[in-house]
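A short write-up of the structure that comes next.
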2 protein chains.
Amino acid sequence: MNTVQIKPTPEPTLRRLPLYHQVLIQLKERGVKEVSSTTIANELKLDSVQVRKDIEHVQIVGKPRIGFNIDELILAIEKYLNWDNLTEAFLVGSGHLGFALAGYKNFAKYGLNIIAAFDNDPEKIGTTVHGIPVLDPLKIPDLARRMHIHIGVLAVPAEAAQENADLLIEGGIKGIWNFAPTQIKAPFGIVVENAQLTASLSFLKRKLTEQH
Amino acid sequence: MNTVQIKPTPEPTLRRLPLYHQVLIQLKERGVKEVSSTTIANELKLDSVQVRKDIEHVQIVGKPRIGFNIDELILAIEKYLNWDNLTEAFLVGSGHLGFALAGYKNFAKYGLNIIAAFDNDPEKIGTTVHGIPVLDPLKIPDLARRMHIHIGVLAVPAEAAQENADLLIEGGIKGIWNFAPTQIKAPFGIVVENAQLTASLSFLKRKLTEQH
DNA sequence: TAGATTGTTAATCGATTAACAATC
DNA sequence: TAGATTGTTAATCGATTAACAATC
């Protein structure tokens with residue numbers, strides 16, 4: 001066994017931690033120095049015990065009666081979610097969504113740095129989007145391997161998703177952030193996270209049906 | 001009690017149904033007419049009993065030995081997720097992301113029709129994005145109410161999220177699809193669905209840390 | 001000290017998985 | 001008919017919630 005085994009964090013916890021971070025940033029801007037689990041819980045309409053259990057995972061201890069040091073907690077969450085570790089990524093697809101993603105400066109905060117974009121439109125190859133060069137997708141495998149790229153952001157139409165995912169996988173990519181509204185197949189060990197805009201929208205529409 | 005009470009669908013089911021739909025569309029394109037829960041489950045690396053349980057919610061019955069009629073199932077999911085019911089929506093924020101969302105023709109498939117955009121940049125007011133007029137955000141409450149708009153899509157920077165959400169709420173909106181990387185406060189009864197791009201990215205990065 | 005909040009242990013809840021009879 | 005698949009009931013698992021002692 002040569003890889004370090006880390007106890008996997010429950011998925012719900014992992015999805016809540018970024019929310020805590022958002023709340024903490026808001027509180028910090030208001031000058032708050034120490035924050036209790038109750039405060040965070042109230043902001044998000046969650047249970048305070050749940051918040052404390054989640055915080056346990058990031059290895060931060062609080063002080064009875066006072067709560068958690070807000071700076072310490074913010075940094076610990078950032079470290080835990082790996083935001084302090086800037087990862088270089090390839091963007092595949094430079095259509096509307098790809099263009100928006102390339103221009104989204106915030107990603108740097110979350111440790112993602114898009115260093116190249118790929119598009120099979122010959123008119124786009126050789127140009128740049130938001131200062132990022134647009135290259136031929138056929139170059140993905142070779143470039144990804146030589147540059148040790150670990151994340152690919154997939155923002156192509158559904159029909160083109162699998163073939164471009166395959167190019168990324170061929171290049172030794174470890175994780176794919178999939179914005180295409182389709183399921184892609186990847187070998188075991190490759191992490192595929194679906195951004196799932198349409199699932200999110202469906203969820204909203206169904207909730208509205210159930211309530212009104 | 002004057003509102004129809006519908007048994008709420010478990011959230012995990014609601015998040016999986018759009019995935020089933022994607023798989024079914026792919027299978028249908030390959031000419032498949034009848035599909036078993038096992039087939040769907042294998043495509044998504046899920047359990048077939050779970051798939052059957054989820055399908056129960058959409059009120060479709062299958063045939064032992066054969067499975068489910070693919071067209072019937074696709075339509076039932078679309079109906080259940082309310083995709084067949086085109087809802088008009090306002091888009092707030094016409095920056096990079098807003099621009100991409102306005103141009104994302106696929107949303108119509110999922111029953112969302114963006115009919116107006118709002119931006120507080122005076123240079124943008126009066127122009128159009130992808131054929132959609134850009135208006136002054138101050139007009140949101142009045143217009144939303146008069147046009148009976150039920151969904152607001154929030155694609156503004158974090159700092160501007162709450163104030164624009166408030167305008168939508170003032171206009172009687174029922175649901176907010178929030179793309180801003182911040183939590184917004186809304187009164188009870190208003191559904192807020194966070195698109196949570198950053199949460200999705202964090203999730204991917206953490207998974208990579210845990211595996212490698 | 002008194003009281004608010006943490007951290008932990010136990011109880012509950014709900015979703016997933018297993019087992020299996022019904023059915024085409 | 002035999003066998004694959006559904007639909008259902010029961011068992012398991014894991015996450016949430018409740019209870020409470022420890023602590024500053």
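We name chains A, B, ... by the order of the sequence lines, and we start the count at 1 in each one. These figures come from a predicted structure and were not determined experimentally.
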Check the distance between [N]'s [atom2] and [X]'s [atom1] and give it to me in whole angstrom.
X	N	atom1	atom2	result
A/Asp54	D/dT16	CG	P	7 Å
A/His57	C/dT8	NE2	C1'	14 Å
A/Leu44	D/dT16	CG	P	14 Å
B/Ile55	D/dG7	CD1	P	8 Å
A/Asn69	C/dT6	CG	C1'	15 Å
B/Asn42	D/dT5	CG	C1'	14 Å

Which pairs count as ring pair (Phe, Tyr, Trp, His ring centres under 6.0 Å) when at least one residue sits in [range], sequence neighbours excluded?
range	result
residues 146-168 of chain A	none
residues 12-44 of chain B	B/His21-B/Trp83
residues 25-44 of chain B	none

Worksheet item: How would you list all residue pairs meeting side chain to side chain donor-acceptor pair (under 3.5 Å) that involve residues 176-188 of chain B, not counting sequence neighbours?
Response: A/Gln22-B/Gln183, A/Gln26-B/Thr182, A/Glu43-B/Lys185, A/Ser200-B/Trp177, B/Asn178-B/Asn194
Fill in: Pairing residues for A/Arg15 by the salt bridge (charged side-chain N to carboxylate O under 4.0 Å, His left out) criterion, not counting sequence neighbours
A/Glu11, A/Glu193
Discussion item. Let me check I have this right: for DNA chain C, each base becomes ., (, ), [, ] or |, based on Watson-Crick or G-U pairs with both distances under 3.5 Å. What is the full string?
Written reply: ..||||||||||||||||||||||
Item to complete: Mind running a 4.0 Å heavy-atom check of residues 29-40 of chain A against DNA chain D and sending the residues that fall below it, in number order?
Response: none
When you compare the protein's N or O atoms with those of nucleotides 17-24 of chain D, which come within less than 3.5 Å of each other, and at what distance?
none

Worksheet item: Who are the ring-ring contact (aromatic ring centres under 6.0 Å, His included) partners of B/Phe118, not counting sequence neighbours?
Response: B/Phe90
Fill in: ring-ring contact (aromatic ring centres under 6.0 Å, His included) involving A/Tyr104 - partner list, sequence neighbours excluded
A/Phe107
Item to complete: Answer yes or no: is there an ion pair linking B/Glu56 with B/Arg52, defined by an N-O contact shorter than 4.0 Å?
Response: no
Discussion item. Checking B/Arg146 now: which residues fulfil side chain to side chain donor-acceptor pair (under 3.5 Å) with it, not counting sequence neighbours?
Written reply: B/Asp142
Fill in: By side chain to side chain donor-acceptor pair (under 3.5 Å) - contacts of B/Lys28 (at least two apart)
B/Asp71
Worksheet item: Is the distance from OP1 or OP2 of D/dA15 to the nearest side-chain N or O of A/Arg16 less than 4.0 Å?
Response: no
Discussion item. We want to know whether B/Gln162 and B/Asp166 form a side-chain donor-acceptor pair, criterion being a heavy-atom distance below 3.5 angstrom.
Written reply: yes
